[in-house]
Every structure is written in C-alpha cells, then in structure tokens.
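Only one structure is covered here, and it is reproduced in the block below.
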There are 2 protein chains.
Amino acid sequence: MSRKKTGRRAPTESDVAKVAGVSQSAVSRAFTPGASVAEDTRKKILKAAQSLSYQPNLMARSMATGRSNIIALAISSLENPFYAQVVKELSEQLRETGRHILLFTTSPDGAADPELERVLSYQVDALILTATTASLELTLQCQKTGVPIVQINRESKLPGISTVRGENQRAAERIADFFVAAGHTRFAFIGGSKGSNISEIRQQAFAGRLKLAGFDHVDVVHGNYTFEGAAAATRTLLEKPDRADAIFCASDYMAFAALDVVKREFGLGVPEDIAIVGVDDVPEAGHAAYDLTTYSQPAAALAREAIKIIDSQIASPGRRAQRREVRGQLILRGSTRLPPEGVLTIDNKKVWQS
Amino acid sequence: MSRKKTGRRAPTESDVAKVAGVSQSAVSRAFTPGASVAEDTRKKILKAAQSLSYQPNLMARSMATGRSNIIALAISSLENPFYAQVVKELSEQLRETGRHILLFTTSPDGAADPELERVLSYQVDALILTATTASLELTLQCQKTGVPIVQINRESKLPGISTVRGENQRAAERIADFFVAAGHTRFAFIGGSKGSNISEIRQQAFAGRLKLAGFDHVDVVHGNYTFEGAAAATRTLLEKPDRADAIFCASDYMAFAALDVVKREFGLGVPEDIAIVGVDDVPEAGHAAYDLTTYSQPAAALAREAIKIIDSQIASPGRRAQRREVRGQLILRGSTRLPPEGVLTIDNKKVWQS
DNA sequence: GAGGCTTTTGCATGCGCATGCAACAGTAAA
DNA sequence: TTTACTGTTGCATGCGCATGCAAAAGCCTC
C-alpha cells in the first residue's frame with residue numbers, strides 16, 4: 001500500500017487539488033493572500049488541505065518566487081550571553097513576519113571563514129552578522145545578487161554593508177566622566193580583539209575624554225572578547241606596579257572575568273580598591289554575583305533596527321547601506337562607587353545623568 | 001544592461017555551461033561527487049564556474065534530490081548558557097558534514113507552539129528539539145514523511161521520538177549520596193517546570209535515594225528553568241522554619257539564582273550553612289563568582305549523539321527511535337563541603353568517586 | 001580495421017509551486 | 001436578448017538542478 005517503507009512523500013498542491021476537485025493553480029491561489037479565488041472554493045480547498053494535513057513546500061515556493069523567507073545569521077561568541085540574547089531577539093522578531101534564521105556559527109574573524117561564503121547558496125533574503133565581519137568577496141557577492149547585509153556591533157569600511165550598534169563613542173565618554181566624577185585617577189581599558197573596530201572606538205573615546213580631564217595615561221590590554229582572555233588581561237593589569245583603580249571593559253562578559261580575577265585571585269575590594277564597568281547590560285550584570293555597573297546596549301532594539309534595515313533594503317533594492325545607533329544609558333550597580341551627584345533612580349534602576 | 005536595478009540574478013548552471021561550452025547536466029555532474037565526468041571537462045567547468053563566481057542553488061538542489069541538508073533546531077531557554085552551548089556544538093558539528101541549522105526559538109512547552117508545526121514546510125532533513133517537546137501532531141507528521149526527531153534533554157512518551165540525555169537517574173542518586181556523605185540532613189530540590197519529565201526523574205531518584213539513607217522528606221519547589229523562577233523558589237525554601245541545608249537544583253542556571261538568593265538576600269554561608277549542587281557543568285559553574293559543584297552533562301557529547309541518531313535514521317528510515325545516555329560526573333567546587341573520603345583530582349578537577 | 005567495451009556527454013524530464021494569459025461563468029446594464 | 005464587464009478558473013510555463021536513458025566518443029583486442 002504505502003509507497004516506500006515509512007516515507008510516503010508529503011502531500012502536494014496537486015494532491016489537494018485532486019481531493020478538492022480543482023486545479024493545482026487554484027490550490028496555490030488559495031494559499032496566496034490576495035489572490036483571486038472565490039470564497040467557496042477557497043473553503044473547499046482549505047478543507048481538503050486540512051484532511052491531507054497538507055503543508056506548503058517552502059523550498060518550491062522559494063524557487064518560484066525567488067524569496068525564501070530565510071535570513072542567514074552568522075555569529076561568533078555565542079557563549080557570551082549578550083549574543084545569545086541577540087539571537088533570541090532576532091529569532092522572535094523575525095518569526096512575527098514568518099521568517100526564520102539559518103544559523104552559522106563562525107570564528108570572531110568571520111572574514112576568514114570560507115564556509116560563510118557559501119551562505120548565498122541557500123538563497124537567503126538577507127544576511128545578519130553579529131560579532132563578526134563580512135569578507136570583501138562575500139560583500140561583493142551579496143551586492144551583485146541584491147542580498148542586504150547588516151552587521152550588528154561591528155563597523156565596516158566596506159560600502160554596501162549596513163551597521164547597527166550601541167552608543168560606542170558616547171558610552172566610553174560617559175564612563176570616563178563617571179570615573180572622574182567618582183574620584184578615580186588611574187585608568188585601564190580591557191578591549192576586545194585588536195582588530196575589532198568597535199573596541200577601538202571605545203578605547204579612543206575613553207582615552208580621549210580622560211585626556212580632556214587631565215589624565216594622559218590609560219592602561220590598555222586585550223581580552224579578545226573571551227572569558228579566559230579577559231581574565232588573563234586582568235592579571236596583566238593587576239600585576240603592574242601602579243595599577244589602575246578604574247577598569248572599563250569592552251563587554252560585560254569580559255567584565256565578569258575581570259571581577260573574578262580582581263576579587264578572588266587578587267583579593268581586592270570592588271569598588272573600594274578597583275571600580276569596574278562593562279558594556280551591554282546583559283541579565284547577568286544584574287545578578288547579585290556580579291552586580292556590575294554597565295552601559296546598556298539593548299539587544300531587542302538592536303535586533304529591531306537590523307530587521308528594519310533589512311526590510312527597507314528588500315523593499316527598495318537600490319537603497320544605500322544604512323548606519324543606525326541604539327541608545328543606552330549608564331546603569332549603576334555595586335561594581336562602582338557612586339559619584340557625589342548625578343545619580344537618579346528610574347524604573348527601579350540607578351542611572352547616571354551628569 | 002543590467003536586468004533590474006542592482007539585482008542581476010545569480011549565475012546558474014546553464015550560465016556556467018554556456019561559458020564552458022558544455023551542457024547544463026555536465027555542469028551538474030561536475031559538482032556532484034562521484035558523477036561521471038572526464039577530468040578535463042570538470043576542470044574546464046570549474047574554471048568557468050569560478051569566473052562567474054557561481055554558487056549552486058541549494059533550494060533547487062533540495063527540490064531535485066529531496067534532501068535539504070538543513071536540520072531544524074527548536075530550542076527554548078537560550079538564555080541558559082547550557083543551551084547556548086548545545087546550539088554551538090550542534091552548529092559546529094553539523095557544519096562538518098555540510099549541514100546547517102534552521103533555528104526555531106520556542107516556549108519551554110513546545111508542544112503548545114503552533115509555529116513549530118510549520119517546520120516541515122522547510123523540508124528539513126531532521127528535527128532536533130532541545131529544552132522542548134514535540135506535540136503529537138508534529139510527531140505524526142514527521143513519521144509520515146520520514147523526518148527523524150531527536151529530543152535533547154527531554155523524555156518523550158511518544159513512539160518514534162529519539163532522545164539523548166545525561167545521566168539523570170544516576171546524577172540524582174550520586175548527589176543524594178554525596179550530600180549524605182558530607183553530613184547533611186535536610187534536603188531540598190529545585191525542579192524545572194512541573195511538566196518536565198527530566199526534572200521529575202531527577203526528583204524521584206533524589207528522593208528515593210535519600211529515603212534509602214533514612215531521610216524521608218525532601219522539600220520540593222519549582223523554578224521553571226528560569227533565573228527569576230529559581231530565585232523565587234529559593235526564597236520560598238529559605239523562609240520555611242526548618243530550612244534545608246542541602247539543595248539540589250535541576251540545572252546550573254537555576255543553581256546560580258539559588259546561590260544569589262542564599263548568599264546575598266539571606267546572608268547565609270555557602271557551603272557552611274547551605275550546600276548547593278547543580279546539573280550541567282556550564283562554563284560559568286567554574287567561574288569564581290559561582291564556583292558551583294555540579295554533575296556534568298557534556299554538551300558536545302549530547303550534540304554528537306543526537307547527530308549520530310539522525311544520521312542512522314536517515315540512512316535506514318525504517319529504524320526505530322533510539323534512546324541514548326551521555327555520561328557525566330560529579331564535579332566538586334566551592335558550593336559544597338567535602339565529604340571525608342572519595343574525593344579525587346582528575347585533570348585538575350575534583351570529582352567524587354565514592 | 002572491425003567488433004565489443006567502457007567512459008563521457010547531452011537530452012528530456014520532473015521536483016512543487018507561482019503566475020501571466022486566455023477561457024469561462026456570472027452579473028448588470030442597455 | 002445582447003453587450004460589456006467583473007470575478008474565477010485552468011492551462012502552460014518557468015524557477016535551477018539531478019538523473020535515467022540513449023547517443024557518442026574513446027579504448028582495446030584480435
């Protein structure tokens with residue numbers, strides 16, 4: 001009876017058509033919003049489809065329409081809760097418009113990943129990169145075929161790549177101001193990888209602002225956005241003779257490592273001996289174990305903007321690449337001491353508005 | 001010149017064929033390992049493909065072959081680092097065989113998610129569920145069309161669903177033994193959701209084993225596998241008059257919440273006043289901020305087994321559902337006091353071998 | 001150089017769906 | 001009743017690739 005072992009193939013529109021006594025195209029139209037079908041026949045068709053538990057074959061639909069409703073997401077550092085959050089937000093928000101994510105985990109330096117070049121084989125409607133950057137080849141390919149690329153949290157010199165990010169410049173400056181206001185005098189910065197432009201922007205802004213306040217030196221080390229890397233970087237910092245009393249970390253995740261090392265390995269007090277600030281405001285930053293002061297970078301908003309860009313690029317393919325910034329704020333917790341003024345409580349959170 | 005604005009369509013096999021001066025089928029064969037093509041023509045074709053930067057259209061290939069090389073992954077609780085790790089492992093291991101993940105984030109009770117029913121529209125080769133369970137309808141659909149389903153870390157009563165899990169029973173019993181050996185006398189269990197069978201298995205095994213040792217009562221609360229939920233559950237526990245001195249949490253992530261509440265909110269000492277043990281051994285458990293004793297459940301191995309099952313089911317579709325267990329061990333850290341004996345140090349980690 | 005083989009190639013078709021076009025039915029207006 | 005539409009339907013085709021089959025081209029052997 002059955003075609004082959006277990007695998008009788010899934011029902012197709014033709015099967016439904018036969019049952020409903022109509023043509024295959026009628027069935028197709030019944031499932032195409034806005035197509036021309038009489039209400040009666042549509043009902044008849046839907047009933048037949050139901051009885052066969054028919055599901056449209058999206059691959060075939062993609063072939064016919066040239067639109068797959070699949071968005072490729074390339075990501076590194078999934079162990080960093082911030083990026084896990086971004087993935088979750090993107091997935092949920094895309095789902096609202098019936099789209100789904102094809103996941104590519106890559107190295108932090110995505111430009112070096114040949115696997116990623118093959119992403120276009122899947123006929124994805126767009127490409128989102130988070131915590132990675134696109135190679136030149138990939139970018140050209142995408143432009144040629146009209147596939148929008150958006151990078152979240154990584155800048156790009158390449159034209160044709162849109163970007164979404166938090167307030168890097170402003171965050172770094174505010175943190176510098178904040179440290180100064182709280183009376184700190186010796187500063188350090190734990191950056192991501194040396195190649196990460198975002199990290200460098202923060203570093204420049206941080207150092208620049210401190211210079212204005214009369215502090216010429218910032219101790220800079222790199223944690224490569226990993227926990228172990230940041231821990232090692234922190235050790236380097238703390239072993240120096242005139243060690244910092246205020247550390248700005250380029251991500252919360254690295255700040256957690258710094259906290260671990262400062263408190264447990266070196267037995268120093270936070271914030272008495274050393275103040276630590278991160279960026280992102282991941283949920284863990286609010287947990288008692290870390291209780292980290294941080295400049296927020298809302299994942300949901302980043303995801304939303306990225307999707308908006310994609311949609312606008314798909315709607316009008318000629319469109320130029322866009323750059324968007326999402327606002328955040330400095331959220332005060334126990335890893336820093338409070339400056340004498342400027343502390344407000346909003347929505348049950350302490351923030352700093354100098 | 002150009003077809004439409006920016007979007008000149010991607011080159012196809014026919015385009016390559018024209019350039020190489022062969023037929024489309026020759027091109028197809030050149031890209032099909034094991035197909036019959038002369039070495040010369042293959043080279044000629046590859047060169048032509050290169051010059052056009054041709055990429056095969058995987059949608060079309062899927063249509064023709066009935067195999068998409070896409071695996072659907074449904075997951076909830078992505079904020080739990082354990083599951084982030086599972087995603088990462090699955091992604092990386094699947095990539096080695098040229099397959100990719102189509103991501104579905106769902107609620108913990110996936111069976112209630114109608115969106116997930118549509119997963120088969122994508123013609124995925126298999127379906128992996130982690131931290132969720134499949135509905136009956138979905139299961140039937142999959143069986144009908146021969147798509148294997150594997151659940152990671154969730155049991156299933158439905159036939160036809162394969163499962164992969166850690167040592168739930170054994171973990172719970174070992175932890176019970178361990179608590180007793182360390183001299184604890186009042187026990188509590190913080191479970192996941194009431195519907196989670198895995199959580200219940202652990203609870204039963206934990207309570208059962210304690211009973212054997214003469215302890216009849218275990219305080220049970222539920223944290224729904226969320227941080228906030230576990231924190232609330234812990235508060236409930238600690239407010240009781242004769243509160244526990246040893247808590248077993250059904251996941252590390254919930255254990256972190258418990259630690260936060262115990263230490264900061266109630267100012268109790270860990271492990272002096274209360275010992276806490278989790279399950280998973282996520283990287284964070286080893287971080288100084290938590291330093292959690294836990295029964296490990298290696299994500300890489302879980303992913304590997306899941307993929308093995310999928311492969312075997314794809315290879316021989318008639319195959320029955322499989323159930324596999326991945327071994328772990330009790331890793332001792334600072335959230336528990338050490339029993340007088342049985343403590344070994346292996347690979348720089350303390351484990352308990354009674 | 002002819003017959004028998006193997007290897008290589010092209011032709012034709014199908015996968016499941018969308019869609020332009022023509023045929024058709026139904027309705028209202030003349 | 002005829003005409004002019006509007007709204008529905010089916011037909012035919014194409015999306016890009018894989019593959020069975022037959023034709024063609026080599027290759028060997030005698």
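Just so it is clear: chains get the letters A, B, ... in the order the sequence lines come, proteins before strands, and each one is counted from 1.
Between C:dT19, D:dT19, C:dT9, one nucleotide has an atom nearer to the side chain of A:Ser28 than all others, and that is C:dT19.
The distance between atom CD of B:Glu13 and atom P of C:dG10, rounded to the nearest whole Å, is 13 Å. Protein atom CG of B:Leu58 is 14 Å distant from nucleotide atom P of D:dG16, rounded to whole Å. Spacing between atom CD1 of B:Ile45 and atom C1' of C:dT9 amounts to 10 Å, rounded to whole angstrom units. Distance A:Asp15 CG to C:dC17 C1': 13 Å, rounded to the nearest Å. Nucleotide D:dT8 holds its P atom 13 Å from the NZ atom of A:Lys43, rounded to whole Å. Rounded to an integer number of Å, the gap from OH of A:Tyr54 to C1' of C:dC17 is 7 Å. Put simply, CZ on A:Arg67 is 14 Å from P on C:dA18, counting in whole angstrom units. Atom pair A:Arg42:CZ and D:dT9:P shows a separation of 10 Å (rounding to whole Å applied).
When heavy atoms are screened at a 4.0 angstrom cut-off, B:Ser36 is found touching base atoms of the nucleic acid. Residue-level contact check: B:Thr41 touches the backbone only, with heavy atoms under 4.0 Å from sugar-phosphate atoms and none from bases. Contact annotation for A:Val27: no contact, since no heavy-atom pair falls under 4.0 Å across all strands.
In this structure, the side chain of B:Asp125 does not engage the main chain of B:Ile71 through any donor-acceptor pair within 3.5 Å. Counting only distance, with no hydrogens or angles, the side chain of A:Gln93 and the backbone of A:Ala300 share a donor-acceptor pair below 3.5 Å. A distance-only check finds a donor-acceptor pair linking the side chain of B:Ser135 to the backbone of B:Leu138 [under 3.5 Å]. Looking at B:Ser196, its side chain never comes within 3.5 Å of a backbone N or O of B:Ser193 through a donor-acceptor pair.
Using a 4.0 Å cut-off between charged side-chain N and carboxylate O, A:Arg95 and A:Glu92 make no salt bridge. Using a 4.0 Å cut-off between charged side-chain N and carboxylate O, B:Glu155 and B:Arg323 make a salt bridge.
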Strictly under 3.5 Å: I want the nitrogen or oxygen pairs between protein and nucleotides 11-15 of chain C, one per line.
{"residue": "C:dC11", "atom": "N4", "partner": "B:Ser25", "partner atom": "OG", "Å": "3.0"}

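Distances shorter than 4.0 Å separate none of the side-chain N or O atoms of A:Tyr122 from OP1 or OP2 on D:dG16. Checking the phosphate oxygens (OP1, OP2) of D:dT19, no side-chain nitrogen or oxygen of B:Thr32 falls inside 4.0 Å.
Considering OG1 of B:Thr139 and CG of B:Leu158, their distance stands at 4.5 Å, rounded to 0.5 Å.
Along DNA chain C, the nucleotide nearest B:Glu39 and the nucleotide nearest B:Gln123 are compared for position; the residue whose nucleotide lies closer to the 5' end is B:Glu39.
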